[in-house]
Peer 1: 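Next up is a structure, given as structure tokens.
The figures here come from the full heavy-atom set of this structure, side chains too, leaving out hydrogens, waters and symmetry mates. Note on naming: letters A, B, ... go to the chains in the order of the sequence lines (proteins, then strands), and numbering restarts at 1 for each one.
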Number of protein chains: 2
Amino acid sequence: MAVSTRAVSRAAAGEPAAGKYDTGEAMCPYRLVLEHVTSRWGVLVLIELLDRPHRFSELRRAIGRVSEKMLTQTLQTLERDGLVHRDAKPVIPPRVDYSLTGLGREAAEQVRALADWTTDRMDDVEKARLTYDEARASRTRAS
Amino acid sequence: MAVSTRAVSRAAAGEPAAGKYDTGEAMCPYRLVLEHVTSRWGVLVLIELLDRPHRFSELRRAIGRVSEKMLTQTLQTLERDGLVHRDAKPVIPPRVDYSLTGLGREAAEQVRALADWTTDRMDDVEKARLTYDEARASRTRAS
DNA sequence: CAGCATCCCCGCAGATACTG
DNA sequence: CAGTATCTGCGGGGATGCTG
């Protein structure tokens, strides 16, 4: 039904299922949007759409290893938040194009900046990890 | 044991547990770092530490609603990646201060920019949601 | 106070089958 | 091709109890 569909959609993209953390206080709304944008697949979708609009299956291939279901859910969440525009052409076979809205482009640029930073600094991170693991290993030997 | 401890640490902060998505290909490393940084609690920790160094319990209170376990795991992951510096003073009662490294500060600034954008555009997002839900509701009535 | 160990639940996400 | 509906597992993450 429509209701359960909405429930699924709201649960998508890393958003908590509204009962799990509902220990009295409500989660502040901006964190929800932030989690949609920074969600596992949300990040990759936004970055991919920043290059150019994509069809559904193009996105699947571009991202790789995302299940059809998760991609659908992620796109629905982002569409609902007004970040992604969905253009379904009434043709056979169906053709649906996804693109960024103005709002979505702003978000995507922030996200891409972060992703670019990550790739740039990747080697620093890996060095840090080696140092950390080294220290841990020697601590283990000492005990 | 040390081995299992490391396994827990690696699974922290939204990082997949190394077997779940291991359908043959390895996940590219930069996505892992990206997911640490954009993880549920990672985002909030980085933003909080951008203001000033925090003690463990200060972070807990500042973030709110984060379990001790998840905060520990998140901090360990970020420390291992070289983004967070852990300073444990050998005193009683124990006192541990967490601060950003140079690398971590760069990441945190990107993340905060994204968070700021989210709060700024929050009302646009909510308007978009109303529009979206409205459209869905009328579609349901039509069918 | 900081953090580790253990238990356990439930919800995310993958797999599969079916529709327009 | 672009979805929806349903089932299932397993791992994230909360709760609790214990150590230094």
Peer 1: Does the side chain of A:Q76 get closer than 4.0 angstrom to OP1 or OP2 of D:dT4 through an N or O atom?
Peer 2: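 So the side-chain polar atoms of A:Q76 do come within 4.0 Å of the phosphate oxygens OP1 or OP2 of D:dT4, strictly under.
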Peer 1: Measure from the side chain of A:R40, starting at C-beta and using heavy atoms only, and say which of D:dG3, C:dA13, D:dC1 lies closest.
Peer 2: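 So the nucleotide nearest the side chain must be C:dA13.
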Peer 1: Compare the minimum distances between each of C:dG3, D:dG20, C:dG14 and the side chain of A:K69, then state the nucleotide with the smallest one.
Peer 2: C:dG14
Peer 1: Expressed as a whole number of angstroms, how long is the span from A:W41:CH2 to C:dA13:P?
Peer 2: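 After rounding, the gap between these two atoms is 9 Å.
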Peer 1: Roughly how many Å is it from CD in A:E68 to P in C:dG14, rounded to a whole number?
Peer 2: 12 Å
Peer 1: Considering only NZ, NE, NH1 and NH2 on the basic side and carboxylate oxygens on the acidic side, decide whether A:R86 and A:D97 come within less than 4.0 Å.
Peer 2: no
Peer 1: Can you check the B:R136 CZ to D:dT4 C1' distance for me, whole Å?
Peer 2: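 Atom-to-atom, B:R136 to D:dT4, this comes out as 11 Å.
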Peer 1: Touch check for A:R86, heavy atoms < 4.0 angstrom, all strands: base, sugar-phosphate only, or nothing?
Peer 2: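 Since only primed, P, OP1 and OP2 atoms lie under 4.0 Å of A:R86, the category is sugar-phosphate.
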Peer 1: Please pick, from D:dA2, D:dT4, C:dA2, the nucleotide with the shortest atom-to-atom distance to any side-chain atom of A:F56.
Peer 2: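 Comparing D:dA2, D:dT4, C:dA2 against the side chain of A:F56, the answer is D:dA2.
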Peer 1: Can you check the B:M70 CE to C:dA2 P distance for me, whole Å?
Peer 2: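 Answer to the nearest Å: 18 Å.
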Peer 1: Looking at A:R52 and A:E58, does any basic side-chain N land under 4.0 Å from a carboxylate oxygen?
Peer 2: yes
Peer 1: Grab the CD1-C1' distance between B:I92 and C:dG3 for me, whole Å please.
Peer 2: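 From B:I92 CD1 to C:dG3 C1': 15 Å.
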Peer 1: Between B:T101 (side chain) and B:G82 (backbone), is there a donor-acceptor pair under 3.5 Å?
Peer 2: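 Between the backbone of B:G82 and the side chain of B:T101 there is a qualifying donor-acceptor contact (under 3.5 Å).
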Peer 1: To the nearest Å, how far apart are A:R61 CZ and D:dC1 P?
Peer 2: 8 Å
Peer 1: Within this structure, what is the CG-to-P distance between A:D87 and D:dC1, rounded to whole angstrom?
Peer 2: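 Roughly 18 Å, once rounded to whole Å.
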Peer 1: Can you tell me if A:T72 touches the phosphate of D:dT4, counting only side-chain N or O atoms and a distance under 4.0 Å to OP1 or OP2?
Peer 2: no
Peer 1: Which of these passes side-chain hydrogen bond (donor to acceptor under 3.5 Å, both in side chains) with A:H36: A:T74, A:D81, A:T77?
Peer 2: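 Testing each of A:T74, A:D81, A:T77 against A:H36, the sole residue satisfying side-chain hydrogen bond (donor to acceptor under 3.5 Å, both in side chains) is A:D81.
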Peer 1: Below the 4.0 Å mark, does D:dA2 have OP1 or OP2 next to a side-chain nitrogen or oxygen of A:R55?
Peer 2: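 Yes, A:R55 has a side-chain N/O under 4.0 Å of OP1/OP2 on D:dA2.
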Peer 1: Any donor and acceptor pair, going by atom type alone, linking the side chain of A:R60 with main-chain N or O of A:V66 inside 3.5 Å?
Peer 2: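 Yes, A:R60 side chain to A:V66 backbone: donor-acceptor pair under 3.5 Å.
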Peer 1: Could you work out which one of D:dG13, D:dG3, D:dC1 sits closest to the side chain of A:P93?
Peer 2: D:dC1
Peer 1: When the distance from CG of B:L75 to P of C:dG3 is rounded to whole Å, what number comes out?
Peer 2: 8 Å
